[in-house]
Trainee: 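Before I ask anything, here is the structure I am working with.
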There are 2 protein chains.
Amino acid sequence: MTPRTTPSVDEETPRVDGIERLAHTDLAAEPFFLAARLASTGSAGANRALAELGLKVRHYSVLALACSGEEPTQRELSQFLVLDPSQIVSIIDELEQRGAVERRTDPRDRRSKILAPTAAGRSLYGEAKALVARSTGDSLAELSAAERDELFRLLRKAAL
Amino acid sequence: MTPRTTPSVDEETPRVDGIERLAHTDLAAEPFFLAARLASTGSAGANRALAELGLKVRHYSVLALACSGEEPTQRELSQFLVLDPSQIVSIIDELEQRGAVERRTDPRDRRSKILAPTAAGRSLYGEAKALVARSTGDSLAELSAAERDELFRLLRKAAL
DNA sequence: TATTGTTATACTCTATAACTATA
DNA sequence: TATAGTTATAGAGTATAACAATA
């Protein structure tokens with residue numbers, strides 16, 4: 001998310017009791033509810049996977065965009081990740097202290113700062129991406145490959 | 001998500017500039033990112049829609065389950081909505097003060113409390129549901145009816 | 001005058017532990 | 001001894017306003 005923040009899910013994603021009974025309610029038929037639940041459990045899983053690298057989803061997201069080659073400004077990151085500009089500041093501060101990214105003033109508009117990865121940052125992103133991919137695979141284990149593709153296509157159309 | 005909390009999106013969901021450039025990055029191809037973004041914007045829209053009734057998505061979700069006929073306990077609500085039991089307490093407190101729901105001790109286990117709607121609560125839920133449906137329609141405006149159905153089916157399979 | 005990034009601050013949401021009443 | 005709900009509290013995330021530098 002922006003991955004928007006991250007809600008909380010237990011270690012094993014327990015699929016607890018009451019859930020079966022409530023799965024047939026009207027609420028469980030609301031797309032926004034389902035999207036939120038998937039995002040919730042998905043982000044929680046990704047956060048668990050990223051913990052061994054000392055990263056959270058929000059840092060991973062910023063690092064990924066820094067490594068994208070698009071040379072995003074902080075303002076663009078804020079818009080794309082649906083996070084407040086002030087939040088972007090602190091996320092980048094942490095990545096920068098860690099030596100994963102650096103800020104460069106945009107020559108075309110010296111008010112803006114472009115986020116660029118360091119070599120270490122690129123390497124870190126490579127590791128993190130693999131961990132996230134594994135976590136995502138687990139989260140979508142119920143779906144066939146074709147279903148995953150279709151879900152991806154529809155999510156992309158709806159969310160972007 | 002539960003409606004998990006709600007991130008922030010601006011009034012008109014502006015589809016701002018940088019988003020086009022970043023839409024082709026690796027991050028934008030991660031399902032968890034897309035799900036989070038959809039949940040984020042969807043919940044924000046639902047919150048805006050519900051504001052005129054003095055409700056937020058979390059209250060709406062609890063009210064919906066109270067009205068479902070399944071007589072959920074607070075523990076079940078906590079599990080289904082992926083919210084801490086203590087959060088359920090305060091959400092129900094607010095709905096109860098408003099006269100929309102009431103707590104009834106479960107006769108089969110007097111430790112548990114079953115959440116039941118009042119007549120006013122049912123009526124409130126009816127209004128709220130219509131507002132949410134309109135907001136959801138707006139959020140998924142990019143999708144055809146068939147695509148919405150398919151997205152719903154896949155989200156349900158993956159999230160529940 | 002408007003915008004980018006920054007700082008400080010307040011607010012909301014989330015997580016934890018301790019308590020009670022039941023089991 | 002264990003579980004449901006409650007309370008209090010601390011922590012993380014989010015939103016707001018004001019400021020410096022640049023446009």
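Chain A is the first sequence line, chain B the second, and so forth, proteins listed ahead of strands; every chain is numbered from 1.
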Trainee: Side chain of B/Ser112, base of C/dT22: donor and acceptor closer than 3.5 Å?
Mentor: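 No pair found.
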Trainee: Find which nucleotide of DNA chain C each of B/Ser86 and B/Pro107 is nearest to by heavy atoms, and output the residue with the more 5' nucleotide.
Mentor: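 By nearest-heavy-atom nucleotide position, the 5'-most residue is B/Ser86.
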Trainee: Does a side-chain N or O of A/Arg103 approach OP1 or OP2 of C/dT6 to a distance below 4.0 Å, or not?
Mentor: yes
Trainee: Provide, to the nearest angstrom, the distance between the CG atom belonging to A/Leu115 and the C1' atom belonging to C/dG5.
Mentor: 13 Å
Trainee: Do B/Val62 and A/Leu22 sit in one hydrophobic cluster, given that two such residues count as connected whenever their side-chain heavy atoms are within less than 4.5 Å of each other, even indirectly?
Mentor: yes
Trainee: Would you mind reading off the distance between B/Arg58 atom CZ and D/dT14 atom P, rounded to a whole angstrom?
Mentor: 13 Å
Trainee: Roughly, in whole Å, what's the span from CD in A/Glu94 to P in D/dA12?
Mentor: 11 Å
Trainee: Is the distance from OP1 or OP2 of D/dT3 to the nearest side-chain N or O of B/Arg75 less than 4.0 Å?
Mentor: no
Trainee: Quick one: CG on A/Leu140 to OG1 on A/Thr41, what's the gap to the nearest 0.5 Å?
Mentor: 9.0 Å
Trainee: Calculate the interatomic distance between B/His59 atom NE2 and C/dT12 atom C1'; express it in whole Å.
Mentor: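 Atom NE2 in B/His59 sits about 12 Å away from atom C1' in C/dT12.
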Trainee: Is the distance from OP1 or OP2 of C/dC13 to the nearest side-chain N or O of B/Lys56 less than 4.0 Å?
Mentor: yes
Trainee: Does A/Arg110 have a side-chain nitrogen or oxygen under 4.0 Å from the phosphate oxygens OP1 or OP2 of D/dT22?
Mentor: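 Affirmative; the distance criterion is met.
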Trainee: Using atom CD of B/Gln74 as one end and atom P of D/dT3 as the other, report the distance to the nearest whole Å.
Mentor: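 So the two atoms are 18 Å apart, to the nearest Å.
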Trainee: Check the phosphate of D/dA21 against A/Lys113, side-chain N and O only, distance under 4.0 Å to OP1 or OP2. Yes or no?
Mentor: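 Answer is no, no contact under 4.0 Å.
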Trainee: Verify the ring-centre separation between B/Phe33 and A/Phe80: is it less than 6.0 angstrom?
Mentor: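 A/Phe80 vs B/Phe33: aromatic centres under 6.0 Å.
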Trainee: Go through C/dA23, C/dG5, D/dG5 for me and flag the one nearest to the B/Val89 side chain.
Mentor: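 Closest nucleotide among those given: D/dG5.
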Trainee: Starting at atom CG of B/Leu77, determine the distance to atom P of D/dG5, rounded to an integer number of angstrom.
Mentor: 8 Å
Trainee: Can you find a heavy atom in the side chain of A/Ser112 that is under 4.5 Å from one in the side chain of A/Arg75?
Mentor: no
Trainee: Can I get a per-line list of side-chain donor-acceptor pairs under 3.5 Å for residues 119-136 of chain A, giving both atom names and the distance, sequence neighbours left out?
Mentor:
{"unit_1": "A/Lys129", "atom_1": "NZ", "unit_2": "B/Asp26", "atom_2": "OD2", "d": "2.7"}
{"unit_1": "A/Ser135", "atom_1": "OG", "unit_2": "A/Gly45", "atom_2": "O", "d": "3.4"}
{"unit_1": "A/Ser135", "atom_1": "OG", "unit_2": "A/Ala46", "atom_2": "N", "d": "3.3"}
{"unit_1": "A/Thr136", "atom_1": "OG1", "unit_2": "A/Val132", "atom_2": "O", "d": "2.9"}

Trainee: Can you check the B/Asp84 CG to D/dT9 P distance for me, whole Å?
Mentor: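 Rounding to the nearest Å, CG of B/Asp84 and P of D/dT9 are 17 Å apart.
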Trainee: I need the CD-P distance between B/Gln87 and D/dA4, as an integer number of Å.
Mentor: 17 Å
Trainee: Would you mind classifying the nucleic acid contact of B/Asp106 as base, sugar-phosphate or nothing, using non-hydrogen atoms under 4.0 angstrom?
Mentor: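 The answer is nothing, as B/Asp106 stays clear of every strand by at least 4.0 Å.
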